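Beneath this line is the structure, given in structure tokens, with notes to follow.
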Amino acid sequence: MSRSRHILFVVSYLALCGSLAGAADPAILLSDVTDSWGLGASITYGNTDKNIYILETTGTGAAVLDFDSDGDNDVVVVNGTTLQAGSGNEAPLAKLYRNDGGKFVDVAGASGLDRRGWGQGVCVGDYNNDGNPDLAMGYFGGPALYRNLGGGKFNEVAAKSGLQQDGRWSAACAFLDYDNDGFLDLFFSSYVDLDLAKTPKPGERVDCNWKGIPVMCGPRGLPTARNSLYRNLGNGRFVEVSEKAGIWKPGGRYGLGVTAADFNNDGRTDIYVACDMTPSLLFINQGDGTFDEVGAISGTAFSMDGQLQAGMGVSVADYDGNGFLDIIKTNFSGDLPSLYKNEDGEFFEDVSSRAGLGKNQLLGWGVLFEDFDADSKPDVLIANGHVYPEVDNNAIGETYRQPTILYRNLGSGRFEDVSQSAGPALKVPRAARGMAAGDLDGDGRPEVVIVNVNDKPAVLKNTAKQGNFFWLRLEGTKSNRSAIGARVTITANGITQVREVTGGGSYYSQSDLALYFGLGTAAKIDRFKVRWPSGAVQELKAVSANKRYRLVEGGTLTEIAK
């Protein structure tokens, strides 16, 4: 063998070995720990093989929070019902899984989470600043608001607090402090202005068929609904300001997933609503108590070719490192997710196709920007599941249960589908809906909770060796206690990352309000800055990696022991 051929052989061999080693030791290996951790109870949502009304299709969400302030994150899974059970005593309660040191126990029955019926989304925020995280939930018929009394107890106070109980379909929700007064306000999307008595049944109209299959009707052909914004008066009560604030100005929509974040870096929280077959909404906070809706102008209302989409879930992150929060939105089957790259705080570009997100065109719901391999670049996880159970009995190339898809961020503006190599948990088909993330076992790294229709949730843990990380829980003093709206900028090994404590997100869900940053090989954060909703700024330097921290506004950084 010639010297040149020998060198070529050695280089090729080493490359192959590296490739095999990478395949044998992936950076992301998601395993299902649902049953071993004790979260294996099924939820109820509509019929299992055929849906009569659109109400039976939307499913529910989940939240990750430390509701009892013991230092361990707990899990809430919203429950639904059936047409037969309605909101009566036969309808199940939500699930409230208390974390007892790595094992989870459902304590919903004793906690006061006692509303029954068609549950929808859930969000978390300490609206009265007493140190106990409260819960809001969407319901068909009106919202629920659970005040956390401490001691593991909640009290439902929606009507008493001024949240309208007028029959609206309250869908997703998000806590936000849109006026920066230190008290969390509350936004609800609304899906359909639905009256079951006036709604046709499968096959009764032309638009109640899909690919030749009689299916439930809607949302097209059904009345659109109006979203709701409630201002927190600071005394335990809310007042609806939807019309005054400009939320109703765009007219009705089929609103689903919601997130609240600062998209133009002006220190004020904006709102994005993923809408089903109506233009999605981007409300920019004007700082005077009003919002300007700029979805179409900004490029976030439609697909890349200007078409309506069936938007479901939404997540935000600065995936490309330009300092502005980008948006990803999940859509119906046959369409790809929408990745809206935030260019300058005013204009977005839909880069879904060239970013590599078009390989799988499943029916997406929950979506997360999360750095699963801790390499400093947020990846994308999408939970999928069809809306029509009937597809399983028809040879149209679609299935009701669908796999979960993981796209790894390559750092070049592109993503790679690594679902097949990222563990057996992603290969399991599910009728998924909501999805939330948060550290559930105290190691500082996020787990994922996926809500599945008429099935148990899926709790996924990454068991692969990952890069270093930085975990931070913020607590406001002059700002709202939950620090929703706070922005953190860190620099480590010359890489700058931006994350924000956001209200709502994914589909009908709320991830842990603590922030997680992957650091790659960096052993410390060189510096990080917190911009609080109050406008205060704190800067720190030389913070060690692989620890969990807590920072109180105006105070010092403290480590949280495991």
Side-chain angles (χ1 to χ4, degrees), residues 29-43 61-79 93-113 122 124 126 130-135 146 148-154 368 370 372 374 423 425 434-452 456-466 468-475 482 509-516 544-552 557-562:
L29 191 63
L30 294 171
S31 301
D32 191 326
V33 296
T34 309
D35 292 331
S36 62
W37 284 13
L39 295 98
S42 293
I43 70 157
V64 175
L65 76 159
D66 182 7
F67 85 93
D68 53 2
S69 300
D70 66 352
D72 295 322
N73 271 331
D74 314 294
V75 176
V76 171
V77 180
V78 183
N79 220 327
L93 297 173
K95 301 294 183 182
L96 175 60
Y97 291 104
R98 186 184 65 210
N99 188 341
D100 287 345
K103 290 286 186 178
F104 291 80
V105 179
D106 183 11
V107 296
S111 72
L113 299 185
V122 58
V124 178
D126 184 0
D130 66 354
N132 300 313
D134 308 298
L135 292 168
Y146 289 104
N148 190 335
L149 305 176
K153 300 291 185 180
F154 291 87
L368 295 171
E370 198 69 69
F372 288 101
M435 181 166 64
D439 176 19
L440 297 178
D441 58 3
D443 67 355
R445 302 183 187 274
E447 280 72 48
V448 174
V449 179
I450 302 174
V451 183
N452 303 303
K456 63 185 178 183
V459 182
L460 311 185
K461 177 177 176 58
N462 188 4
T463 58
K465 183 179 180 181
Q466 304 159 61
N468 297 325
F469 71 89
F470 174 54
W471 187 97
L472 178 66
R473 187 174 297 284
L474 298 172
E475 183 179 314
S482 299
S509 298
Q510 177 73 66
S511 292
D512 185 16
L513 295 175
L515 297 177
Y516 173 82
S544 298
N546 298 327
K547 296 179 180 179
R548 299 190 303 161
Y549 293 98
R550 176 173 174 262
L551 179 65
V552 177
L557 188 71
T558 58
E559 182 181 347
I560 300 175
K562 289 186 178 181

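This one's a predicted model, so the numbers in the text were calculated from it and none came from an experiment.
Leu472 contributes atom CG, which lies 6.0 Å from atom CG of Leu515 (distance to the nearest 0.5 angstrom). From Leu29, atom CG reaches atom OG1 of Thr463 across 4.0 Å, with rounding to the nearest 0.5 Å. Here the straight-line distance linking atom CG of Asp74 with atom CG of Asp106 works out to 11.5 Å at 0.5 Å rounding. Taking CG from Asn79 and CG from Leu96, the interatomic distance works out to 12.5 Å, rounded to the nearest 0.5 Å. A distance of 9.5 Å separates CD of Gln466 from CZ of Phe372, quoted to the nearest 0.5 Å. In this structure, the separation between CG on Asn462 and CZ on Arg445 is 8.0 Å, given to the nearest 0.5 Å.
Listed by chain and number, the residues in a side-chain contact (heavy atoms from CB on, under 4.5 Å) with Asp72 are Asp70, Asn99 (sequence neighbours excluded). Checked against side-chain contact (heavy atoms from CB on, under 4.5 Å), Lys153 has the following partners two or more places apart in sequence or in another chain: Ala110, Leu149.
A side-chain donor-acceptor contact under 3.5 Å links Lys103 to the backbone of Ser36. Side-chain atoms of Thr34 come within 3.5 Å of backbone atoms of Val459 as a donor-acceptor pair (strictly under, hydrogens ignored). Judged purely by atom type and a 3.5 angstrom limit, Ser511 has no side-chain atom pairing as donor or acceptor with the backbone of Gly438. Looking at Ser482, its side chain does come within 3.5 Å of a backbone N or O of Asp126 through a donor-acceptor pair. Side-chain atoms of Asp35 do not come within 3.5 Å of backbone N or O of Gly40 as any donor-acceptor pair.
When all heavy atoms of Tyr146 and Asp134 are compared, the pair lying nearest together is O-CB, 3.4 Å. Considering all non-hydrogen atoms of both residues, Ser42 and Lys95 come closest at O-CE, 4.1 Å. Summarising the geometry of Ala63 relative to Val124, their closest heavy-atom pair is CB-CG2, 3.8 Å, with the distance given to 0.1 Å. Between Ala41 and Pro457, the closest heavy-atom pair is O-CD, 3.3 Å. Closest heavy-atom contact between Tyr516 and Ala374: OH-CB, 3.6 Å. Residues Gly61 and Val122 come closest through the heavy atom pair C-CG1, 4.1 Å.
The closest side-chain heavy-atom distance from Val33 to Asp441 is not below 4.5 Å. Counting heavy atoms from C-beta outward, Leu440 and Lys461 have side chains that stay 4.5 Å or more apart. In this structure, Ser69 and Asn132 have side chains that are in contact, with non-hydrogen atoms separated by less than 4.5 Å. Side chains of Val449 and Tyr97 form no contact here, defined as non-hydrogen atoms less than 4.5 Å apart.
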task = Step by step, work out the side chain to side chain contact (heavy atoms under 4.5 Å, CB included) result for Val448 and Leu30.
result = CA-CA 9 Å; Val448 174; Leu30 294 171; 5.7 Å; no
message = side chain to side chain contact (heavy atoms under 4.5 Å, CB included) for Asp32 and Leu460? Distances and angles first, verdict last.
response = CA-CA 5 Å; Asp32 191 326; Leu460 311 185; 4.3 Å; yes
message = Could you walk me through whether Gln510 and Leu65 satisfy the side chain to side chain contact (heavy atoms under 4.5 Å, CB included) test, starting with their C-alpha distance in whole Å, then the side-chain angles of each, then the deciding distance to 0.1 Å, before giving a yes or no?
response = CA-CA 9 Å; Gln510 177 73 66; Leu65 76 159; over 6 Å; no
inquiry  = Quick one, Thr558 with Tyr549, criterion side chain to side chain contact (heavy atoms under 4.5 Å, CB included). Give me CA distance, side-chain angles, the key distance, then yes/no.
reply    = CA-CA 6 Å; Thr558 58; Tyr549 293 98; over 6 Å; no
request  = Tell me, with the steps shown, if Asp439 and Asn73 meet side chain to side chain donor-acceptor pair (under 3.5 Å).
outcome  = CA-CA 7 Å; Asp439 176 19; Asn73 271 331; 5.8 Å; no
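Note on ring orientation: taking the six-membered ring where Trp is involved, the planes of Trp37 and Phe104 are parallel (angle under 30°, cut-offs 30° and 60°).
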